[in-house]
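Encoded as structure tokens, the structure appears first; notes follow it.
Both counts, for ligands and for their atoms, begin at 1 and track the order of listing.
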Amino acid sequence: MQADIGSELDLRLTAIIYGADGTNLFEFRTSDGRDLPSFTAGSHVDVTLPTGAIRQYSIASPESDLSRYLLGVKLDPKGRGGSRCLHEDVRVGSILKISLPRNHFPLTESAPLSIFIAGGIGITPIHCMIEKLQALGQNWRLHYAVRNRAEAVFLDRFAKAGDRVHLHVDAETNGSFMDVASIIQAAPLDAHLYCCGPAPMLDAFEAACAGRPQDHVHLERFSAPDVVAAAGGSYTVELSKSKRSITVQAGQTLLQALQAAGIKVKISCEQGICGTCETRVISGTPDHRDTILSDEEKASNETMMVCCSGSLSPTLVLDL
Ligand code: FES
């Protein structure tokens with residue numbers, strides 16, 4: 001899927017900008033002023049935090065501006081600590097390791113109409129997509145749900161878009177959520193539909209889009225409801241770079257076996273949804289369990305997500 005698996009940049013945090021209540025925009029640039037690698041609307045990067053944890057954040061800035069990556073991060077006091085670290089510990093001027101951008105949420109630029117449904121911080125990749133469609137003169141609509149008006153990011157930007165933007169504020173509608181099903185029902189059949197937000201919104205979106213052409217339906221999840229890591233029978237994994245051979249025991253996951261053998265693997269979500277652990281497969285047939293690779297990519301067996309996937313063949317040879 002990716003040409004530059006594992007590649008990273010040392011980027012300087014040059015500004016922290018207030019985005020909305022609880023959300024800051026973190027601006028990263030190269031230290032020498034050179035342009036950043038190009039990306040496409042909907043991309044995200046892996047950020048390695050000072051704690052060593054790796055987190056994914058979507059790029060909000062337009063793909064035409066390669067002077068910076070602007071990442072929207074909402075503080076989640078109940079999260080795993082990534083947003084807290086960025087909001088409370090990381091200072092302007094710090095250098096952080098940032099992966100090359102990856103895109104699991106690509107935009108179809110030629111659609112006659114693109115309808116976006118965003119919940120909370122899910123607006124970040126969608127803002128980038130809308131910037132692209134605006135530049136192309138394409139037709140789009142945005143339905144943006146927030147709990148309180150003060151939590152809405154990019155409101156000044158969207159204020160110029162008139163009736164293309166519908167803001168749904170839960171607190172101003174007696175706490176009722178945005179009616180995703182009605183939005184989808186009213187959408188023309190040739191529209192491309194996008195959703196990024198909390199799991200209940202994504203579930204409602206998927207259910208409402210069940211009868212739609214699936215190549216017109218696009219969503220990005222930040223948690224995986226049903227990924228079960230492969231832990232079936234025993235198999236052998238040969239590691240081409242470290243020239244080692246390890247046995248994955250029955251009932252053990254590949255990741256557990258790699259970690260037990262002291263093999264360093266970059267991981268973040270451990271749910272097959274972020275792509276951080278993507279690893280080249282040299283030979284063998286993976287038991288793919290992730291929700292990132294397309295069916296074609298899975299069938300090609302060129303790469304796999306080692307956090308959750310296993311092996312269907314007795315031996316798997318990996319580029320590790
Ligand atoms: Fe996220 Fe494996 S760590 S896909």
Side-chain angles (χ1 to χ4, degrees), residues 1-8 39 42-49 51-59 71 73 76 79-83 85-86 96-106 121-122 124-125 196 198-199 202 218-232 235 237 239 241 246 248 252-282 284-312 316 318-320:
M1 180 177 66
Q2 301 296 329
D4 297 294
I5 294 171
S7 298
E8 286 178 324
F39 64 97
S43 292
H44 71 270
V45 291
D46 290 349
V47 177
T48 303
L49 301 168
T51 57
I54 300 173
R55 296 290 183 269
Q56 293 72 45
Y57 298 107
S58 297
I59 303 177
L71 311 180
V73 182
D76 180 358
R80 295 182 294 158
S83 64
C85 177
L86 273 173
L96 297 187
K97 289 211 175 294
I98 311 271
S99 73
L100 295 183
R102 296 196 296 267
N103 198 341
H104 303 147
F105 191 40
I121 195 61
T124 315
C196 186
L202 291 166
H218 316 268
L219 78 166
E220 182 156 66
R221 282 194 183 274
F222 297 116
S223 63
D226 331 305
V227 169
V228 178
Y235 56 95
V237 181
L239 308 175
K241 278 188 188 139
I246 62 172
V248 183
Q252 193 179 32
T253 68
L254 172 55
L255 181 60
Q256 288 167 345
L258 290 170
Q259 290 177 328
I263 306 296
K264 283 206 169 131
V265 184
K266 279 190 183 169
I267 50 168
S268 180
C269 71
E270 298 185 47
Q271 296 179 297
I273 57 168
C274 74
T276 299
C277 68
E278 185 173 14
T279 301
R280 284 188 209 286
V281 178
I282 294 170
T285 309
D287 179 1
H288 295 286
R289 299 292 179 98
D290 65 275
T291 56
I292 302 170
L293 296 175
S294 66
D295 290 345
E296 293 77 29
E297 288 167 335
K298 284 177 179 165
S300 76
N301 291 329
E302 288 179 6
T303 68
M304 67 184 290
M305 304 301 153
V306 296
C307 68
C308 59
S309 300
S311 183
L312 296 173
L316 201 55
L318 299 179
D319 186 25
L320 280 175

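In summary, of the residues considered (Thr279, Val265, Val248, Thr253), a side chain to side chain contact (heavy atoms under 4.5 Å, CB included) with Leu258 occurs for Val265 alone.
Ligand 1 is approached by Ile273 to a heavy-atom distance shorter than 4.0 Å.
Contacts between Gln271 and ligand 1 below 4.0 angstrom, taking non-hydrogen atoms only, are absent altogether. Contacts of Val306 with ligand 1, taken as heavy-atom pairs under 4.0 Å, are absent altogether. Of all the heavy atoms of Ser268, the ones lying under 4.0 Å from any atom of ligand 1 belong exclusively to the backbone.
The closest donor-acceptor contact from the side chain of His288 to the backbone of Lys298 lies under 3.5 Å.
Here the side chains of Thr124 and Leu71 are not in contact, with every heavy-atom distance at 4.5 Å or above. Proximity of Glu278 to Ile292: side-chain heavy atoms (C-beta onward) are nowhere separated by under 4.5 Å. With contacts defined as side-chain heavy-atom distances shorter than 4.5 Å, the pair Ser268/Arg80 qualifies. Here the side chains of Leu86 and Leu96 are in contact, with some heavy-atom distance below 4.5 Å.
The ligand atoms of ligand 1 that sit less than 4.0 angstrom from a heavy atom of Gly272 are 4 (S). Residue Cys274 approaches ligand 1 through these ligand atoms, each under 4.0 Å from one of its heavy atoms: 1 (Fe), 3 (S), 4 (S).
Taking backbone and side chain together, Cys307 holds no N, O or S atom under 2.8 Å from atom 1 (Fe) of ligand 1. Taking 2.8 Å as the criterion, Cys277 does not count as a coordinating residue of atom 1 (Fe) of ligand 1, since none of its N, O or S atoms falls below it.
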